[in-house]
Each structure stands twice: as structure tokens, then as C-alpha cells.
> 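Following this message is one structure expressed as C-alpha cells.
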Amino acid sequence: MKYRLAGIAALLLMMTVSVAALSLDTQADKIRVHQHLSAAQTDTDCSCEGDALCSHLPLIVIDTEDVSIPGEPIVTGKDKYHYREVTKAADGSSTVSCSVKVIDTEGASHHITDQPSLETEGQIRIRGNSSRFFDKKNYLLKTTDDSGTENRDVEMLGMDAHHEWALHGPYLDKTLIRNYMWYNIAGEIMDYAPNVRFCEIVINGEYQGLYVLTETITNGSPGRLNLTEPENDSQTMVSYVLRLDKGSQNALKNIDTFTSYALRRNNVIDIVYPGTGSLTPDRIEYIRQDFSDFEKSLYSYDYDTEPYAWWNYADIDSFADYFIIHEFTCNYDAGGLSTYIYKDVRGKYKMCIWDFNSACDNYTESQVTPQRFQLQYITWFYMLCKDETFIDRVIERYRELRETWLSDEYLFQYIDDTIAYLGPAIERNFSVWGYTFDEYQPLSPSERNPEDYDAAIEQLKTFIAERGAWMDENIETLKQYCHESKVKKFNH
């Protein structure tokens, strides 16, 4: 045991040094907060009699005055997951007004009758794609001033002030921890990943279970992406965030770039930032052309030749880290859905992670075996993997990460510590949603569906162990995709 403890101590020291080494990075002034390591634990004393909700986790209490929250999918085809429209509020808007109370006192247990640490007005709607069909909904929450019309930036659960937040309710993921875990680990590895905090939610007086309050991917300083703002309203060149997914319901945000014309992707790119109010026609055209220029460089004969090479447009380390994280977790929606890419007006393209619900063999339609690579066939990575420089960086970086953030020892300890931190909140969550172990079994074949919480955790750990072992043995095989015999037709 003493040797194991010594090994963990050495690993933590190594990771501390790694974090310190990142101090030269653009986001280096940010320190990643892992809630389960820093917040009040389950042994917090409480004098209440336990008749009502009592939690060491923060509570978020939302009241819409019993008005239905819009965003439910309106099914338009035989496939129950096929929809084009969602329900609206009575006035036709996509959100409804709500009051929000946040109860989060350091070192104390929390009750819905406690004095709020934050009280604000807001707007709320259901968010997501297939998750809109889940019984346990995900929500987009915007905090506003008392009039409900102007955004109000507020600090939430120790995260930097902003007005836009996602409330992720783990439902498909019966471990409850995939997004929390991988967002935090990605945040240690990459320049930025959304910060997250566990909390418990009450809406209109009804307990909704365990949620993960999540930063949305947008601009904001000092939090979020911290992109350069335009100097004046007429400036055409702007920093921006793009999403590759099913497109925005606001057609103004959807853009056709080079890969859509070249039939290199099936889904839609939309502009996440700047927001609609700042999107002039000139800015939209600038973003469309700017990103098309990057894609053209990637798909040209000069993709790996100076001065036209793709790396003049994109940050190789950001793309390599993104590739590794999603390959390690076999999160293969990446590159086609929930795919975010951003660019500061004075910098290069970088990637940002989002949504690990289906990661680590939790994909609903079919089993994802750990003995494979997939991203080399998807969108921009199809060409990136033809570049020897990129593949070499992926292999080198993977070896580094397996000694720190992606080591089995670190990941298993992370899982165990997170479960210990959640404590009785797990049981409370499944007091509402526990029926899903018997009635909601979306994974195919059926034997992949865990029978209980312990089985869900064991399934996650088993996948991580098998995946890491296979990648350790096979990471060098990625070189086949940049070998001259494979890429000669793409070169001069």
C-alpha cells in the first residue's frame, strides 16, 4: 500500500509540474477547480431532522410559476427522434421567465428554505438534440435583470460571471459523472474546456435530481474563451466560435463553407459567437470566407507544404489534444455533432470539447469496441491524419498524457473520489430516476445496459482499462494514415 501511495504522490507532483509548465499558455491564469476535491464533503454536520431535502451539494431552485418550459420536440415523422420544431412559450418565444435561487454556502449543508447566496431573474428553455426526448430534461438558463429583458452576468457556484449556463441532467449516462469527469480532465489538458459543478435542482417545487451546471462555449472575460472583442461596431474582422452539428434554428447563423460545397461533411456549421445582435452581413461573410480558407488549405495539395500548410491556420497542439481525448473515450459524435472550433482574430483555430454522454461505450445504437481508431475518417481529421507532423504529435502527446491525466491510476482514483464526494446525492437522484435501470435501456445489444449503479461504474472502468491498454499497443499504427503509399495521391 505504501508503494501505491508513493506512486500517487509522485503522479500528483508530476501533474502539478505539468500545470505549472502551462503557465506560458494563453489561458494560464486560470486554475481548474475540481469540485469533488475542493468543496464541502458528505460528512458536513447538519442539525436538521432530515425530513426535507438536505444536501452538501449546492442547490438551484427554479420557479416558472408553473408555466411549462418550452423546447419539447414536436414529432413530425414515424421516427420518434425526428423533429423539426419544438414547443414555444404562449407568446411564441423560445424561453419563459423564471426566478432563480442558488443556495451554496461554503462548509454547510443546504436546504431549499435557506437564505440564497444568489437570487436573480432568468429565462429558461429545454436544450439538446436527442436529449430533448429524455424524461430528465437538459436546460439552457440565462440570468437577467429584474425586467427579464437584459442579460445579467452572475457568478455561479464559484465559476466566473456570465449570463448563459447549461444545466445537464445525466440520464443516458447512468454513472452520472461522464461529463463532469471528462470536461475537467480536458480542461487540464487543453487551453479551455467548459467549467462544471455538480448541484441538485428543484423546479416548481419538485426535486429533479443531480445536475451538472456547465459553462456554455462562448466568449467572456475572464471566464469562457476570453476572445478579443471588436474595437468598434463597424469592424468586419472578428473573433468567432463555430459549431458543427444540426444547425441553428436561426437561419442567419448557418453558413455554407468549403467542406459543404465539396461534400466533405453532412452536418451544418453555425455561428455560436458573435451573437445574432452583432452579426452584420459583412461579419457573416468574413467568418464564412475565413473558415473556408482554412478548409481549402487542409484539402489542397499544399496541405503540408509551406507557406500554404494547414498549420499556418490552426493550432496543432489543440487539434492533437482534441483527437486524443475523443479517441481515448471513443466519443465518435466528435467531428460531426457537438463539435466546436474557435478562433481569436489575432490567433489560430482551436478546438473545444463538448458532450461525453455517449463516450466510453455508452453510444446507444451499437457497441463501440475499444480496439479501433475512428476519427481519421471524420471531417477535418480525415486530412489532418494524412500529415506526418500531426500524427507524430498525436503519438508523442498521447505518451505524455498516459503518464499523467490519462493514466489508469489517475482515472480510477478520479472516478472513486467523485463517487465518494457525491455520496447520498446518488441515491436521491435515483429515488426519482432509478426506474431507468429497468425501463430505460437504450443501449444495443441489451446486455450492455447496466442493471444498477455499481454495474454502470464497473462498465466505465472496464472500458477505460481496455481502451488504454489497446491504445498503448497500437498508437503507432496511426502512422499508416500518413504513409506515402496512402497519401501520394493527395500530394503534388
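Fair warning: this is a prediction, and the values are worked out from it, not measured in the lab.
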> Scan Y435, W433, Y171 and name whichever one has a ring pair (Phe, Tyr, Trp, His ring centres under 6.0 Å) with Y440.
Y171

> Salt bridge or not for R224 and D160, using N-O below 4.0 Å?
no

> Classify the angle between the aromatic ring planes of F291 and F294 as parallel (below 30°), tilted (30 to 60°) or perpendicular (above 60°).
tilted

> Not counting sequence neighbours, which residues clear side-chain hydrogen bond (donor to acceptor under 3.5 Å, both in side chains) with D344? List them please.
T228

> Pairs under 3.5 angstrom only: tabulate donor-acceptor contacts from the side chains of residues 378-385 to other protein residues two or more places apart or in another chain.
| from | atom 1 | to | atom 2 | distance (Å) |
| --- | --- | --- | --- | --- |
| T379 | OG1 | G335 | O | 2.4 |
| W380 | NE1 | E295 | OE2 | 2.9 |

> Could you tell me how the ring of Y183 sits relative to the ring of W354: parallel (under 30°), tilted (30 to 60°) or perpendicular (over 60°)?
tilted

> Check whether any side-chain heavy atom of L167 sits under 4.5 Å from a side-chain heavy atom of I60, and report yes or no.
yes

> Quick one: salt bridge (charged side-chain N to carboxylate O under 4.0 Å, His left out) partners of K136, sequence neighbours excluded?
none

> Scan side-chain atoms only and decide if D290 and Y240 contain a donor-acceptor pair under the 3.5 Å cut-off.
yes

> My understanding is that only residues two or more places apart in sequence, or in another chain, count here; which of them pass side-chain hydrogen bond (donor to acceptor under 3.5 Å, both in side chains) with K348?
none

> Do N184 and Y180 have side chains that get closer than 4.5 Å, going by heavy atoms?
yes

> For a quick check under 3.5 Å, do R265 and T259 share a side-chain donor-acceptor pair by atom type?
yes

> Would you check if T339 and N267 make a side-chain contact, meaning some heavy-atom pair closer than 4.5 Å?
no

> Any side-chain donor-acceptor pair under 3.5 Å between H163 and D153?
yes

> Who pairs with D304 by salt bridge (charged side-chain N to carboxylate O under 4.0 Å, His left out), at least two apart in sequence or on another chain?
none

> Would you say the side chains of T276 and N250 form a donor-acceptor pair under 3.5 Å?
yes

> State which residues pass salt bridge (charged side-chain N to carboxylate O under 4.0 Å, His left out) with D333; sequence neighbours excluded, sorted by chain then number.
none

> Distance-only, no hydrogens or angles: does the Q123 side chain make a donor-acceptor pair with backbone N or O of K142 under 3.5 Å?
no

> Not counting sequence neighbours, which residues clear side-chain hydrogen bond (donor to acceptor under 3.5 Å, both in side chains) with K137? List them please.
E72

> Please, which pairs that meet salt bridge (Lys or Arg N to Asp or Glu O under 4.0 Å) have at least one residue in residues 450-470, sequence neighbours excluded?
E327-R467, D416-K461

> Test of understanding: with side chain to side chain contact (heavy atoms under 4.5 Å, CB included), list the residues that count as partners of R152, not counting sequence neighbours.
L118, T120, V154

> Apply salt bridge (charged side-chain N to carboxylate O under 4.0 Å, His left out) to D408 and list each qualifying residue two or more places apart in sequence or on a separate chain.
R402

> Tell me if the centroids of the rings in H36 and Y414 come within less than 6.0 Å of each other.
yes

> For F328 and Y398, take the angle between the two ring planes, folded into 0 to 90°, and tell me which bin it lands in: parallel under 30, tilted 30 to 60, perpendicular over 60.
tilted

> Assess the side chains of R178 and S358: does a donor N or O sit below 3.5 Å from an acceptor N or O?
no

> Strictly by modelled atom types, are Y139 and Q208 linked by a side-chain donor-acceptor pair under 3.5 Å?
no

> Does a side chain donor of either D361 or Q459 reach within less than 3.5 Å of an acceptor in the other side chain?
no

> Taking only Lys NZ, Arg NE, NH1 and NH2, and the carboxylate oxygens of Asp or Glu, determine whether D321 and R397 approach each other closer than 4.0 Å.
yes

> Check this for me: E447, atom CD, are more than 12 non-hydrogen atoms of other residues, nucleotides or ligands nearer than 6.0 Å?
yes

> Would you call the rings of H56 and Y421 parallel, tilted or perpendicular, taking 30° and 60° as the class edges?
perpendicular

> Within 45° of the six-membered ring axis of Y349 and under 6.0 Å from that ring's centre, is NZ or CZ of K343 located there?
yes

> Residues two or more places apart in sequence or in another chain: which of them pass side-chain hydrogen bond (donor to acceptor under 3.5 Å, both in side chains) with W311?
E306

> Could you go through residues 367-375 and list every donor-acceptor pair under 3.5 Å that involves a side-chain atom there, pairing it with any protein atom two or more places apart or in another chain?
| from | atom 1 | to | atom 2 | distance (Å) |
| --- | --- | --- | --- | --- |
| R372 | NH2 | Q374 | OE1 | 2.5 |

> Heavy-atom count around Q441 CD within 6.0 Å, excluding the residue itself: above 12?
yes

> Assess, by modelled atom type and distance only, whether the side chains of D245 and N129 contain a donor and an acceptor separated by less than 3.5 Å.
yes

